Amino acid sequence: MNKESVIMHQIMAALSQKGCFVLRTNSGVYFDSNGNRIRVGFPGLSDLVGFRPDGKFFALEIKTPTGRPSKEQLKFIEFCHSKGVVAGIANSIESAVEIVLEE
């Protein structure tokens, strides 16, 4: 597992322990066994989405401490904010909990 995946799994576990419902999303282009191109999600879709214990929806982009979000990821987070959704970029358990639960 790469470092971002490790951080993401740690965040998923921590948020779940705090009563959140967390889903991993996949976005990108993949190929099936026949070589057909399959697009999943859309550019910028956050890595994790879910619901806080109070039912409010959240979206988290996960990065390593040195990772940088793409323009599409920033645009999606901005869109979420415009709709009242809790959203942000997390690079640790602490930053994820702060974004999701300490609004």
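One is the number of the first residue; the rest follow in order along the sequence. Remember, it's a predicted structure, so these values are computed and weren't measured experimentally. We use all heavy atoms of the structure for the numbers below, so side chains are in, but hydrogens, waters and symmetry mates are not.
Shown here for Lys18 and Pro53, the closest heavy-atom pair between the two residues is O-CG, 3.4 Å. Across all their heavy atoms, Leu60 and Ser46 have their closest contact at O-CB, 3.4 Å. Listed here is the closest heavy atom pair of Ile7 and Pro65: CD1-CD, 4.1 Å. Leu74 approaches Pro69 most closely through the heavy-atom pair CD2-CG, 3.7 Å.
Listed by first and then second residue, the salt bridge (charged side-chain N to carboxylate O under 4.0 Å, His left out) pairs involving residues 3-17 amount to none (not counting sequence neighbours). Each salt bridge (charged side-chain N to carboxylate O under 4.0 Å, His left out) pair with one or both residues in residues 38-48, not counting sequence neighbours, appears once here: Arg24-Asp47. Contacts classified as ring pair (Phe, Tyr, Trp, His ring centres under 6.0 Å) and involving residues 28-50 (residues at least two apart or in different chains) are given here: Phe42-Phe76.
When the side-chain hydrogen bond (donor to acceptor under 3.5 Å, both in side chains) test is applied to Asn26, no partner is found at least two apart in sequence or on another chain. Shown here are the ring-ring contact (aromatic ring centres under 6.0 Å, His included) partners of Phe51, two or more places apart in sequence or in another chain: Phe57. Residues satisfying the side chain to side chain contact (heavy atoms under 4.5 Å, CB included) criterion with Ile93, sequence neighbours excluded, are Gln10, Ile11, Ala14, Val97. Applying the side chain to side chain contact (heavy atoms under 4.5 Å, CB included) test to Glu72 and every residue at least two apart in sequence or in another chain returns Pro43, Ser70. Contacts of Asn36 classified as side-chain hydrogen bond (donor to acceptor under 3.5 Å, both in side chains), with partners at least two apart in sequence or in another chain: Asp32. Applying the side chain to side chain contact (heavy atoms under 4.5 Å, CB included) criterion to Lys83, with sequence neighbours excluded, gives Phe79, Val85. Among residues two or more places apart in sequence or in another chain, the side chain to side chain contact (heavy atoms under 4.5 Å, CB included) test is passed with Ser16 by Val22.
Taking CE of Met8 as the reference point, atom NZ of Lys63 lies at 11.0 Å (rounded to 0.5 Å). Expressed to the nearest 0.5 Å, how far OG1 of Thr64 lies from CG of Asn91 amounts to 7.5 Å.
Here the side chains of Leu101 and Val86 are not in contact, with every heavy-atom distance at 4.5 Å or above.
Using a distance-only test at 3.5 Å, with no hydrogens or angles considered, no donor-acceptor pair links the side chain of Lys56 to the main chain of Val100.
In this structure, Leu48 is not a member of the same hydrophobic cluster as Ile89, with clusters built from ILVMFWY side-chain heavy atoms closer than 4.5 Å.
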